[in-house]
Amino acid sequence: MVSFEDAKAFLLQSDSNGANLYDHLSDVLLKLIESRPTGALQNFENISNEVKTGRLPPSDGPSPYNEVPDDYFDDKLAASATKLFKSAFPPAADGEEAPAPNEGEFSDIVDEAANFEWAGVSLGKEETFRLSLAVKQLVEANPLKSARFFGKIFGRDADYYVVESEYKEDYVEPEKPAEEAKPADDEDEEEEEKPVETKPKKDAPIPVPVEVRKGTNFYTYWVTSTPGEAWVKLPPVTPEQITTSRLINKFLTGRLDAEVASYPPFPGKEINYLRAQIARIGAATVISPKGYYSVEEDDDSTEVPPLNVNADFEGLSNTDLLSSSNWAHHQPHILPQGRAEFASLKPPKDEDAEEAEDEETPEEEEHVETGPKLLTDIAADEAISDKFEAWTIRQSTTRSKYSNVIVRSNRWPGAFAYASSNGTTVKFANIYVGFGLKHAGRPYSPPFPPAPQSEPALPKEAVDPTVAQEAELEALIKAQQEPEKEEGEDEDAEDVEDEEDE
């Protein structure tokens, strides 16, 4: 059994600060007797902690009980924020003039964010201010006619801030530099093999052409994970990428070079999948008050008409804006083909094939895909279910007649639009803050793989010929070979006679 002296000596062992358990227990018991709190047993740990922290000597560094985490001061965030207050161009060298910044229109993100807060959508004041400076630098550094903040798409590792822009009319996309020829290892360079021209197969599918600066690629999109870091321009989207993205359901990783593991296989990486989702979200959720834009419609044309701001637009009241028939899509609908404008896929006719074809054979008519026209009311959008409409419209408050009207998409959760009207003018904006996934109304299930090919037909066993049939065949072959030998002998004899005459 341990003696009292040994136990007391153990409790009197001091730590690096000179404190020991014997004195600590004495102080705790003294504090309990003096304060006499209710529930002394339950509060024993709290009182012990108070006594312990009161005994700690002051130190120059942070207290171990209130340590500052290592990532509290984010150096990367501070460095990126510092860039926002500098020019988008590097400083000019001595004797050189600094390039003039581009003058283009861009939306007032801070003002729009204040209005979207009424819809329950906010990025935070600090983040919104940094984002507005980043968009300003983007416009100044590139020949952009206009730009607007499209939204924020969440990813697993990082998020994407997306900006929608339109280049100036005189802008020409620079050509990609040609790859440099590799030097030959041997002295005798081999001649380059010319590619063999092969005609496409008759039944080979014709790829759907990509729209260039129109339709789904009318706007150019830029993304960044941190306002202040470099903007990355997304490549044009292809019809194949759009049609495949409709069949898959993938969360984004936040890395543009990440592979997209899916079925069906997606033709590209995450940078292409992100661009395809942006095209789909924009076509389905970017809306405006009806009458703000106008188009010159042509019923016989399949091309998307140009969009113009209606100078005669007189505005709509909040009562009118609460109706879905007074909101319209001002981005073109994407057809099942993956384009906004239908492209004919008839194979080019071969001249030789045209002559061989019978004139009476009728040509198969190509099915021309059509969709809702530009500036179609959102009231015409298909409902998600019998009790779930595609859009929800409400007023931010009923206490003011000049309050905002909020429109929320139920098919693409995270897509919002607002409009504020004073009776004569209307101010509106669109934003998307979400995961980039569509609400299908039912759990997602991947498409079934194609049906397996059928087994080939069993080959028929050949019947062995009889002896008589073999003899008849041999005789027929000999009869065919004898005239050929006679002709050969006659030609040899004529050649010999000609040589003798010479």
Side-chain angles (χ1 to χ4, degrees), residues 69-81 83 109 113 116 119-128 130-131 134-135 138 149-164 220-238 240-285 408-416 430-447:
D70 296 336
D71 57 348
Y72 184 80
F73 299 105
D74 195 338
D75 296 337
K76 183 180 178 181
L77 179 62
S80 61
K83 298 176 184 177
I109 300 176
F116 277 119
V121 181
S122 176
L123 302 179
K125 295 186 181 300
E126 180 182 348
E127 186 175 344
T128 301
R130 289 191 287 111
L131 184 62
V135 175
L138 175 66
F149 178 56
F150 181 87
K152 182 179 181 179
I153 300 180
F154 302 125
R156 296 202 302 266
D157 300 334
D159 302 330
Y160 293 114
Y161 298 88
V162 186
V163 170
E164 178 185 276
T220 304
Y221 293 90
W222 309 74
V223 297
T224 184
S225 295
T226 305
E229 298 298 323
W231 290 93
V232 179
K233 184 170 72 170
L234 300 182
V237 66
T238 65
E240 184 183 6
Q241 292 168 355
I242 291 180
T243 53
T244 308
S245 67
R246 287 168 169 165
L247 304 176
I248 63 179
N249 202 30
K250 294 285 293 183
F251 283 102
L252 296 167
T253 64
R255 293 176 283 109
L256 293 174
D257 58 346
E259 299 289 341
V260 181
S262 64
Y263 181 81
F266 183 78
K269 296 190 176 182
E270 182 164 300
I271 187 173
N272 307 106
Y273 177 63
L274 174 63
R275 178 64 181 86
Q277 293 299 91
I278 291 173
R280 296 175 60 200
I281 294 171
T285 65
R408 184 186 68 194
S409 173
N410 298 322
R411 191 172 299 279
W412 287 93
F416 291 86
N430 293 267
I431 196 173
Y432 178 83
V433 181
F435 290 93
L437 298 178
K438 182 179 179 180
H439 175 69
R442 60 184 182 278
Y444 170 78
S445 60

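Worth knowing before you read on, the calculation uses all heavy atoms, side chains too, and leaves out hydrogens, waters and symmetry mates.
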Go through it in stages, so that I can follow the logic: the residues are Phe150 and Tyr221, the test is ring-ring contact (aromatic ring centres under 6.0 Å, His included), and I'd like the CA-CA distance, side-chain angles, deciding distance and then a yes or no. CA-CA 9 Å; Phe150 181 87; Tyr221 293 90; 5.8 Å; yes
Residue pair Phe416, Thr285: steps toward the side chain to side chain contact (heavy atoms under 4.5 Å, CB included) verdict: CA-CA 8 Å; Phe416 291 86; Thr285 65; over 6 Å; no
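Residue Arg275 is tested with Ile242, Leu234, Val223, Leu256 for a side chain to side chain contact (heavy atoms under 4.5 Å, CB included); the sole match is Leu234.
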Donor-acceptor pairs under 3.5 angstrom involving side-chain atoms of residues 259-271: please list them, not counting sequence neighbours.
unit_1	atom_1	unit_2	atom_2	d
Ser262	OG	Pro264	O	3.0
Glu270	OE1	Thr253	N	3.0
Glu270	OE1	Thr253	OG1	2.8
Glu270	OE2	Tyr160	OH	2.7
Glu270	OE2	Thr253	N	3.2
Glu270	OE2	Thr253	OG1	3.1
Glu270	OE2	Gly254	N	3.0
Glu270	OE2	Arg255	N	3.3

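Side-chain contact check for Lys438 versus Arg246: every heavy-atom pair is 4.5 Å or farther apart. Residues Ile248 and Tyr273 form a side-chain contact, since some pair of their non-hydrogen atoms from C-beta on lies under 4.5 Å apart. Counting heavy atoms from C-beta on, the side chains of Val163 and Thr224 never come closer than 4.5 Å.
Closest heavy-atom contact between Pro235 and Asn272: CG-ND2, 3.5 Å. Shortest non-hydrogen contact noted between Phe116 and Asn430 is CZ-C, 3.7 Å. The shortest heavy-atom contact between Arg130 and Ala81 is CD-CB, 4.2 Å.
With rounding to the nearest 0.5 Å, the separation of OG1 in Thr128 from CZ in Phe149 is 8.0 Å. Note that CG of Leu131 is 7.0 Å distant from OH of Tyr161, once rounded to the nearest 0.5 Å. Atom OH in Tyr444 sits 7.5 Å away from atom CG in Leu247 (nearest 0.5 Å). The OG1 atom of Thr226 lies 9.5 Å from the CD atom of Glu127; values are rounded to the nearest 0.5 Å. Atom-to-atom distance recorded for Arg280:CZ and Leu437:CG is 9.5 Å, nearest 0.5 angstrom. From Ser122, atom OG reaches atom CD1 of Ile431 across 9.0 Å, with rounding to the nearest 0.5 Å.
For Arg411 (side chain) and Ala284 (main-chain N/O), no donor-acceptor pair under 3.5 Å exists by modelled atom type. Panel note: side chain Ser409, backbone Trp412; a donor-acceptor pair is recorded below 3.5 Å.
Partners of Glu240 under the side chain to side chain donor-acceptor pair (under 3.5 Å) rule, at least two apart in sequence or in another chain, do not exist in this structure.
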